[in-house]
Amino acid sequence: MYSLRLLTLALIFTFGVVADEPAPDWSKKTFAALPDQVFVAALKSIAAQHHEVKSQDEASKVISFHVGTTAWSWGYNMVMKVVPAGVNSSDVSTEIARSGGKAVSWGSGKKEVLKVFAGIEKELAKTPSAEPKKPA
């Protein structure tokens, strides 16, 4: 009986450690645009993917959105953050938000994150450059 309790505690501890899995490299990307432009492009990209925006904070440049429900999944919530990365560039990071703590596994999140990032690139390509043109 005592060994069963120890085994249970060991399993709980092991899964607790796995839950702190660091975010993978593909969940972060740097864009050559100002944070305001990237934030607007991210909102448009998320909408184009038919994800539901749960909240958005323009001041802190954070977007919380739900990746849809399918026949195999209830979906999941993601949080996207846009921060300045230097002159005319922005870092974007994405996390899967789970109730009760960090995600144990990123699962299909990669596909959705990469689609949103591609949509941001597409939206930014439509935006005219912020730099003034030099006379010829």
Side-chain angles (χ1 to χ4, degrees):
M1 187 67 157
Y2 179 74
S3 61
L4 183 59
R5 288 182 189 160
L6 285 177
L7 178 62
T8 303
L9 287 173
L11 288 173
I12 290 170
F13 177 74
T14 301
F15 285 116
V17 171
V18 172
D20 288 336
E21 176 182 319
D25 289 340
W26 52 260
S27 69
K28 303 169 190 160
K29 186 165 180 160
T30 300
F31 293 92
L34 297 171
D36 289 338
Q37 294 170 315
V38 174
F39 183 76
V40 169
L43 285 169
K44 289 179 181 178
S45 177
I46 291 166
Q49 302 300 324
H50 306 289
H51 301 317
E52 176 190 358
V53 173
K54 295 287 208 177
S55 67
Q56 64 189 52
D57 184 351
E58 194 169 338
S60 63
K61 308 277 185 277
V62 175
I63 305 165
S64 174
F65 60 100
H66 183 78
V67 175
T69 306
T70 67
W72 298 275
S73 169
W74 289 105
Y76 44 89
N77 294 321
M78 300 192 94
V79 177
M80 182 171 282
K81 299 174 184 174
V82 180
V83 297
V87 179
N88 292 331
S89 65
S90 304
D91 285 337
V92 177
S93 64
T94 308
E95 304 169 0
I96 296 178
R98 307 267 183 176
S99 60
K102 293 183 179 180
V104 172
S105 169
W106 278 80
S108 66
K110 180 177 182 178
K111 177 178 70 172
E112 299 305 326
V113 169
L114 295 178
K115 284 197 272 185
V116 171
F117 284 167
I120 292 172
E121 289 282 356
K122 184 178 176 181
E123 288 297 323
L124 291 174
K126 297 177 187 178
T127 307
S129 175
E131 295 179 29
K133 294 184 179 182
K134 295 179 182 177

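Heavy atoms only: backbone and side chains are in, while hydrogens, waters and symmetry mates are out.
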One pair to check against side chain to side chain contact (heavy atoms under 4.5 Å, CB included): Tyr76 and Glu112. What are the steps and the verdict? CA-CA 11 Å; Tyr76 44 89; Glu112 299 305 326; 3.5 Å; yes
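- Between the side chain of Ser90 and the backbone N or O of Ala33 there is at least one donor-acceptor pair closer than 3.5 Å.
- To the nearest 0.5 Å, atom CD of residue Glu95 and atom OG of residue Ser27 are 8.0 Å apart.
- Every residue two or more places apart in sequence or in another chain was checked for a ring pair (Phe, Tyr, Trp, His ring centres under 6.0 Å) with Phe39, and none qualifies.
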Test side chain to side chain contact (heavy atoms under 4.5 Å, CB included) applied to His51 and Ile63, step by step: CA-CA 12 Å; His51 301 317; Ile63 305 165; over 6 Å; no
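- The side-chain heavy atoms of Ile96 and Asn77, taken from C-beta on, include no pair separated by under 4.5 Å.
- Linking ILVMFWY side-chain heavy atoms closer than 4.5 Å, directly or via other members, places Met78 and Val53 in a single hydrophobic cluster.
- Residue Val82 is not grouped with residue Val79 when hydrophobic side chains (ILVMFWY) are merged at heavy-atom distances under 4.5 angstrom, including chains of intermediate members.
- The two residues Val83 and Pro35 have their closest heavy-atom pair at C-CG, 4.3 Å.
- Tracing side-chain contacts under 4.5 Å through hydrophobic residues (I, L, V, M, F, W, Y), one reaches Leu43 starting from Val92; they form part of the same cluster.
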Should Lys81 and Asp91 be marked as a salt bridge (Lys or Arg N to Asp or Glu O under 4.0 Å) after you check the CA-CA gap, both sets of side-chain angles, and the distance that decides it? CA-CA 8 Å; Lys81 299 174 184 174; Asp91 285 337; over 6 Å; no
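- Taking both residues in full, the closest heavy atoms of Phe117 and Trp26 are given as CE1-O, 3.4 Å, listed atom of the first, atom of the second, then distance.
- Under the 4.5 Å side-chain criterion, counting only non-hydrogen atoms from C-beta, Thr94 is not in contact with Val116.
- Linking Ile, Leu, Val, Met, Phe, Trp and Tyr whenever their side-chain heavy atoms come within less than 4.5 Å puts Val38 and Leu114 in one cluster.
- In this structure the side chain of Met80 reaches within 4.5 angstrom of the side chain of Ile120, judged on heavy atoms.
- Side-chain atoms of Lys61 come within 3.5 Å of backbone atoms of Glu58 as a donor-acceptor pair (strictly under, hydrogens ignored).
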